[in-house]
**Q** 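Input: one structure, supplied below.
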Amino acid sequence: MLKLGLNIDHVATLRQARYRDYAVDHPLAEPSPAAAAKIALAAGAHAITAHLREDRRHIQDADVALLQQLGAPLNLEMAVTAAMVDRALAVQPRDVCLVPENRREVTTEGGLGVSGQLDRVTRAARSLSAAGITVSLFIDPDEQQIRAAKAAGAPCIELHTGAYANALAAADRDRRLATLRDAAELAHSLGLQVNAGHGLNYQNLPRFIASVPHLDTLNIGHAVISRAVYSGLATAVKDLLGLLGWR
Ligand code: PXP
């Protein structure tokens with residue numbers, strides 16, 4: 001059965017909007033990604049995914065340490081830089097997903113251009129693998145990139161599903177799905193583990209998983225945290241009204 005890696009970055013984004021200048025373990029600094037991760041794991045999430053961006057705009061180094069202390073599988077997303085590889089070697093997450101990073105983007109935009117920087121990606125993948133970390137490369141569903149991921153020695157890829165998720169016209173969506181299906185088939189035939197993520201939500205997920213074979217883990221964040229706002233709000237309001245005496 002497919003596994004869920006819950007991307008917890010959005011919880012940190014909310015905290016940073018208010019408490020950017022506070023330590024992550026300050027009692028006021030809520031919501032806590034580690035506390036949210038604990039709830040998600042208790043609810044059955046198989047792993048926690050966190051993107052430690054170079055600009056530390058949401059997840060902080062101290063968050064990563066707290067997430068690692070939970071003892072659950074941690075998938076650390078990061079840019080392909082020597083500094084980030086060193087961070088990962090210090091943290092020792094179970095998995096690292098190498099992603100492209102652009103400081104101005106709202107979220108990761110395209111897949112990693114592995115074929116254009118094969119030596120660099122290979123070096124990073126080698127260092128991480130030597131430390132027992134499972135390396136995944138976040139790539140577009142593109143034959144050249146899949147073959148390059150294999151050449152780089154990564155055992156795993158994460159297919160970028162953003163173009164499928166963003167496609168509103170039925171024909172475009174069908175075309176994107178077919179591309180993802182072919183990409184998953186190719187990656188599987190090369191012996192790569194196939195993960196996927198970006199923009200997957202409660203509406204587009206059923207068709208995606210029915211159409212794309214060989215998937216192991218889906219990394220999903222925004223849709224789950226958004227739904228948590230809706231599904232948790234009634235309880236939060238009632239709890240507050242209770243404090244006001246409206247019981
Ligand atoms: N996988 C990767 C590599 C990502 O960069 C992201 C976004 O941070 C996700 C999965 C999750 O995307 P979303 O938040 O749209 O579910």
Side-chain angles (χ1 to χ4, degrees), residues 1-11 13 40 43-51 53 58 75 77 79 95 97-102 104-116 136-150 154-231:
M1 237 180 338
L2 263 168
K3 296 192 270 293
L4 170 65
L6 182 73
N7 185 313
I8 209 77
D9 299 349
H10 307 281
V11 176
T13 298
H46 301 93
I48 298 298
T49 291
H51 186 169
R53 296 186 73 103
H58 41 55
N75 173 34
E77 293 176 359
D95 309 325
C97 181
L98 297 174
V99 301
E101 217 172 271
N102 162 3
R104 287 186 312 257
E105 68 195 357
V106 174
T107 180
T108 315
E109 281 165 359
L112 187 66
V114 182
S115 56
S136 169
L137 305 180
F138 183 54
I139 56 173
D140 290 327
D142 172 87
E143 178 175 350
Q144 188 182 355
Q145 297 306 336
I146 294 165
R147 292 194 184 281
K150 177 72 184 174
C156 178
I157 58 166
E158 178 173 333
L159 290 173
H160 193 320
T161 52
Y164 161 67
N166 291 338
L168 295 180
D172 190 19
R173 190 163 277 222
D174 290 351
R175 193 167 58 83
R176 304 286 184 183
L177 266 182
T179 303
L180 284 160
R181 188 192 57 228
D182 293 349
E185 294 281 16
L186 172 63
H188 180 73
S189 74
L190 296 174
L192 295 164
Q193 179 182 315
V194 186
N195 297 341
H198 209 282
L200 293 174
N201 62 29
Y202 296 83
Q203 289 72 45
N204 62 32
L205 188 68
R207 251 201 100 194
F208 175 70
I209 58 176
S211 310
V212 179
H214 311 305
L215 294 167
D216 184 274
T217 298
L218 301 179
N219 289 308
I220 307 179
H222 190 89
V224 179
I225 303 303
S226 299
R227 179 164 288 214
V229 171
Y230 295 136
S231 61

**Q** In this structure, are over 12 heavy atoms from other groups packed under 6.0 Å from His46 atom NE2?
**A**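 More than 12 within 6.0 Å, yes.
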
**Q** For residues Glu185 and Pro213, determine if any side-chain heavy atom of one lies less than 4.5 Å from a side-chain heavy atom of the other.
**A**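 With C-beta onward as the side chain, the pair touches.
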
**Q** Please report the closest heavy-atom contact between Val224 and Ile220, naming both atoms and the distance.
**A** CG2-CG2, 3.9 Å

**Q** Side-chain contact test, heavy atoms from C-beta onward, threshold under 4.5 Å: evaluate it for Arg207 versus Asp174 and give yes or no.
**A**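 Sidechains of Asp174 and Arg207: in contact.
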
**Q** Using 0.5 Å steps for rounding, measure from the CG atom of Leu192 to the CD atom of Glu158.
**A**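 Nearest 0.5 Å value for the CG-CD distance: 13.5 Å.
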
**Q** Any heavy-atom pair between the side chains of Arg227 and Tyr202 that's under 4.5 Å?
**A** yes

**Q** Got a sec, which residues hit salt bridge (charged side-chain N to carboxylate O under 4.0 Å, His left out) with Asp142, two or more places apart in sequence or on another chain?
**A**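 Checked Asp142 against salt bridge (charged side-chain N to carboxylate O under 4.0 Å, His left out); zero matches.
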
**Q** Is there a side-chain contact between Ser211 and Arg181 in this structure, where contact means two heavy atoms from C-beta onward sitting under 4.5 Å apart?
**A**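 Not touching, per the 4.5 Å side-chain cut-off.
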
**Q** So does Thr179 get a backbone contact from the side chain of Asp182, meaning a donor-acceptor N/O pair under 3.5 Å?
**A** no

**Q** Between Ala50 and Ile8, which heavy-atom pair has the shortest distance, and what is it?
**A** CB-CG2, 4.2 Å

**Q** Measure across Val114 and Ile139 and return the closest heavy-atom pair with its distance rounded to 0.1 Å.
**A**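 That would be CG2-CG2, 3.6 Å.
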
**Q** Between His198 and His160, how do the two ring planes meet: parallel, tilted or perpendicular, split at 30° and 60°?
**A**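 Tilted: the ring planes of His198 and His160 meet at 30° to 60°.
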
**Q** Would you say Gln145's side chain and Ser115's backbone share a donor-acceptor pair under 3.5 angstrom?
**A**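 Indeed, once roles are kept as given, a pair shorter than 3.5 Å links the two residues.
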
**Q** If we only count heavy atoms from C-beta on, is the Asn75 to Thr217 side-chain gap below 4.5 Å?
**A**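 Sidechains of Thr217 and Asn75: no contact.
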
**Q** Hey, what do you get for CG (Leu137) to CG (Leu159), rounding to the nearest 0.5 Å?
**A**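 Going from the CG atom of Leu137 to the CG atom of Leu159 covers 11.0 Å.
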
**Q** Give a yes or no answer on whether the side chain of Asp9 reaches the backbone of His51 with a donor-acceptor pair at less than 3.5 Å.
**A** yes

**Q** Which atom names give the shortest non-hydrogen contact between Ala184 and Val194, and what distance separates them?
**A**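 Where Ala184 meets Val194 most closely, the heavy atoms are O-CG2, 4.0 Å.
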
**Q** If you look at every heavy atom in His222 and His10, which pair is closest and at what distance?
**A**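 Heavy atoms only, the tightest pair is N-NE2, 3.3 Å.
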
**Q** To the nearest 0.5 Å, what is the distance between CG on Leu2 and CG on Asp216?
**A** 7.5 Å

**Q** What residues, two or more places apart in sequence or in another chain, satisfy side chain to side chain contact (heavy atoms under 4.5 Å, CB included) together with Ala167?
**A**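 Side chain to side chain contact (heavy atoms under 4.5 Å, CB included) list for Ala167, sorted by chain: Asp172, Arg173, Arg176.
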
**Q** What are the two closest heavy atoms between Ile48 and Ala40, and how far apart are they?
**A**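 For Ile48 versus Ala40, the nearest heavy atoms are CD1-CB, 4.4 Å.
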
**Q** Of Thr49, Asn195, Thr161, which is the lone residue that meets side chain to side chain donor-acceptor pair (under 3.5 Å) with Asn219?
**A**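 The passing option is Thr49.
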
**Q** Does Arg147 reach the side chain of Leu186, with side-chain heavy atoms less than 4.5 Å apart?
**A** yes

